[in-house]
Structures are given as structure tokens and as C-alpha cells.
Participant: 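First the structure, then my questions, so here it is.
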Amino acid sequence: MTHRILILGGTTEARQLAGKLARREDFSVTLSLAGRTESPVSQGVPVRVGGFGGADGLAAYLREERVNLLIDATHPYAARISANAAEAARQAGVPIFALRRPGWVPVAGDRWALVDGVAEAARALGAAPRRVFLAIGRQEAGAFEAAPQHRYLIRSVDPVEPKLAVPDALYLLARGPFPEADERALLEQHGIDAIVSKNSGGEATYGKITAARALGIDVVMVRRPALPDVPSAETVDALAAMAGHLFDPVAERGV
Ligand SMILES: NC(=O)c1ccc[n+]([C@@H]2O[C@H](COP(=O)([O-])OP(=O)(O)OC[C@H]3O[C@@H](n4cnc5c(N)ncnc54)[C@H](OP(=O)(O)O)[C@@H]3O)[C@@H](O)[C@H]2O)c1
């Protein structure tokens, strides 16, 4: 019997999980992307792209495609799709697991100001002009038009369009991982004195946080949004084991 698994992705871990689960002959894995990134990296399994039309649309998809397991492996700040996934799974009577990468925890030497959302982050930078590294992705960069007195270095995978209506912004296109040494060089080169970051967790984007610690730079850290309470694992391997156990509770066969 083939078990049909839909993974909501858009993260490195989602791609890794898809590859791992697809190795099992009795699993048929599809990965879903929102379609935000213009040229996403190859996912290695069949991919569908674009929104479902809310929780109801996703529930209809789960029924139509006879999905046996829904896995939410989206980014921790993609709160709407996670809420929709929990609701759709409930409506369709399909089990759901979430891959929830743990957030970073501040350590001695970190200079974090915690804020709820990007609008608060823009205010937290203060009135005096600063040299700010915006590392929150392109979707919410526009919120910093409310603080045009700062000089911005804005990094994203795809171009920020439209450009921000601020007098001084420099745009950098890059896709992680970003090693600490490179991040440190970037911060020094641009004389950065504040970083705005999401608490993404994981290693790939942690370099800017350790570089900021070494250089004594302030980090305005946007807190994670609330996510639905569904069975979850912190790592790809642990989630793959949960999936294996769901369909094969007696003998797990190498997932
Ligand atoms: N937010 C971030 O910081 C961030 C960072 C890196 C990667 N990402 C990835 O980018 C994607 C979109 O993020 P977001 O912040 O726009 O999410 P969001 O605000 O939670 O979702 C907005 C809408 O986009 C659609 N959508 C989101 N993820 C989808 C997926 N994997 N497959 C199909 N439709 C999806 C859904 O549309 P419908 O309601 O029409 O179904 C959802 O209601 C996610 O896959 C996420 O993992 C986000």
C-alpha cells in the first residue's frame, strides 16, 4: 500500500525531509511551495506550487488527493499556512505533524532587543540615525519606510520590489548558508551598528548573530509568532521516524 504524504515546505529542512521520506518505496511524497521564490532550488521530489485557498482549500486538496499524512515544514514565521494546515487536517481527518526547528536562545554577550513584529522592530531602532542590516527577507522590508532616518543594508534571496521609499538603502541578493566569518566581514565593511533579524533557529543563518556578539552589535530580534499545537519534532530525522512509526507502528523500516 502506498502512503501519500504532503509536505508544506519552503525551507531547507522540508527539502531534506522530502528526500529522506521519498527513499521509502511505499511513500509517495509531494512537496508544496508557496511560489514566493523566483527560482527555488531543486527539491528532488514532485512539487506543486501556489496557495490552496485557505484552510478550506487545503482540506479539499487533502481529500481529493487522498493524502494520508500532512507535514507542516514551513518557516517558523509562516504562521498563516501553519494555522491553515492544522485546521485543514482537522476538517479532512488527516493526521498532521509539524517540523519545528528550535529558536536561538541569547547567550552572554548577545545584545538583543525582543520585539513583536517588524513595525515594532522599526520603532525599536530609535530616533537617531543608525546603520542597519535588515536580514528579515523581502516580504516585510517595507515596514522600515516608517524609519527613513536610518541607512539600510537589505539582504534577500529575491529583489525587494518596490524599493523602499527611504533615502539610503543598499540591496544585496544572496541565499544562505552564511558563515560567521563572511557575516563579520560584511558587518564591518558596511559599519553596521544594528541588525534586524527573525529568530529562525538553525545554523545556516546563525552566523550574523555570533558575528554581532563578537563585534558588540545590537540585534533587534523579532519574536516568533504563535503556532498551532500539533504533534511535532525538532529535527528531520525525528520527524521521519514519526512518519515511519505512523504507518508502520510495529517494525520501522529504516526511515
Ligand atoms: N515568513 C518567512 O520569514 C519565511 C522565510 C523563509 C521561507 N518561508 C517560506 O515561504 C513560504 C511563504 O511564507 P509566508 O510567510 O508568506 O507564509 P504565510 O503568511 O503563513 O502564508 C500565506 C499564504 O501563502 C500560502 N502558502 C504559504 N506557504 C505555502 C506552502 N508551503 N504551500 C502552498 N501555499 C503556501 C497560503 O495561501 P493559501 O491560503 O491560498 O493556501 C498561505 O495562506 C512558506 O512556505 C515558508 O516556509 C517563509
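Values reported hereafter were calculated over all heavy atoms of this structure, with side chains retained and with hydrogens, waters and symmetry mates removed. Whatever order the structure lists them in is the order used to number ligands and atoms, beginning at 1. It should be emphasised that the depicted structure is a prediction, and the values quoted were computed from it without experimental measurement.
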Participant: Taking a 3.5 Å cut-off between nitrogen or oxygen atoms, can you list every pair linking ligand 1 to the protein, with distances?
Facilitator:
from: ligand 1; atom 1: 3 (O); to: His75; atom 2: ND1; distance (Å): 3.3
from: ligand 1; atom 1: 3 (O); to: Lys198; atom 2: NZ; distance (Å): 2.7
from: ligand 1; atom 1: 16 (O); to: Arg36; atom 2: NE; distance (Å): 3.0
from: ligand 1; atom 1: 16 (O); to: Arg36; atom 2: NH2; distance (Å): 2.9
from: ligand 1; atom 1: 16 (O); to: Gln139; atom 2: OE1; distance (Å): 3.3
from: ligand 1; atom 1: 20 (O); to: Ala78; atom 2: O; distance (Å): 3.3
from: ligand 1; atom 1: 20 (O); to: Ala79; atom 2: N; distance (Å): 3.4
from: ligand 1; atom 1: 20 (O); to: Arg80; atom 2: N; distance (Å): 2.9
from: ligand 1; atom 1: 20 (O); to: Ile81; atom 2: N; distance (Å): 2.9
from: ligand 1; atom 1: 24 (O); to: Arg36; atom 2: NH2; distance (Å): 2.7
from: ligand 1; atom 1: 31 (N); to: Gly9; atom 2: O; distance (Å): 3.3
from: ligand 1; atom 1: 31 (N); to: Ser32; atom 2: O; distance (Å): 3.0
from: ligand 1; atom 1: 32 (N); to: Ser32; atom 2: OG; distance (Å): 2.7
from: ligand 1; atom 1: 39 (O); to: Gly54; atom 2: N; distance (Å): 3.0
from: ligand 1; atom 1: 39 (O); to: Asn84; atom 2: ND2; distance (Å): 3.4
from: ligand 1; atom 1: 40 (O); to: Phe52; atom 2: N; distance (Å): 3.3
from: ligand 1; atom 1: 40 (O); to: Gly53; atom 2: N; distance (Å): 2.9
from: ligand 1; atom 1: 41 (O); to: Phe52; atom 2: N; distance (Å): 2.6
from: ligand 1; atom 1: 41 (O); to: Gly53; atom 2: N; distance (Å): 3.3
from: ligand 1; atom 1: 43 (O); to: Asn84; atom 2: ND2; distance (Å): 3.4
from: ligand 1; atom 1: 45 (O); to: Gly9; atom 2: O; distance (Å): 2.5
from: ligand 1; atom 1: 47 (O); to: Gly9; atom 2: O; distance (Å): 3.2
from: ligand 1; atom 1: 47 (O); to: His75; atom 2: N; distance (Å): 2.7

Participant: Do any N or O atoms from the side chain of Glu145 and from the backbone of Ala165 form a donor-acceptor pair under 3.5 angstrom?
Facilitator: yes

Participant: Apply side chain to side chain contact (heavy atoms under 4.5 Å, CB included) to residues Val132 and Ile192 and explain how you reach the verdict.
Facilitator: CA-CA 6 Å; Val132 179; Ile192 298 296; over 6 Å; no

Participant: Identify, with sequence neighbours excluded, every residue that meets side-chain hydrogen bond (donor to acceptor under 3.5 Å, both in side chains) alongside Arg175.
Facilitator: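 If we apply the side-chain hydrogen bond (donor to acceptor under 3.5 Å, both in side chains) test to Arg175, skipping adjacent residues, there are no hits.
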
Participant: Are side-chain N/O atoms of Ser82 and Asp72 paired as donor and acceptor at under 3.5 Å?
Facilitator: yes

Participant: Any side-chain heavy-atom pair from Asp110 and Ile209 closer than 4.5 angstrom?
Facilitator: yes

Participant: Give a yes/no verdict on a cation-pi contact between Arg48 and Tyr61, requiring under 6.0 Å between NZ or CZ and the six-membered ring centre and an angle within 45° of the axis.
Facilitator: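 Judged by the rule, Arg48 and Tyr61 form a cation-pi pair.
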
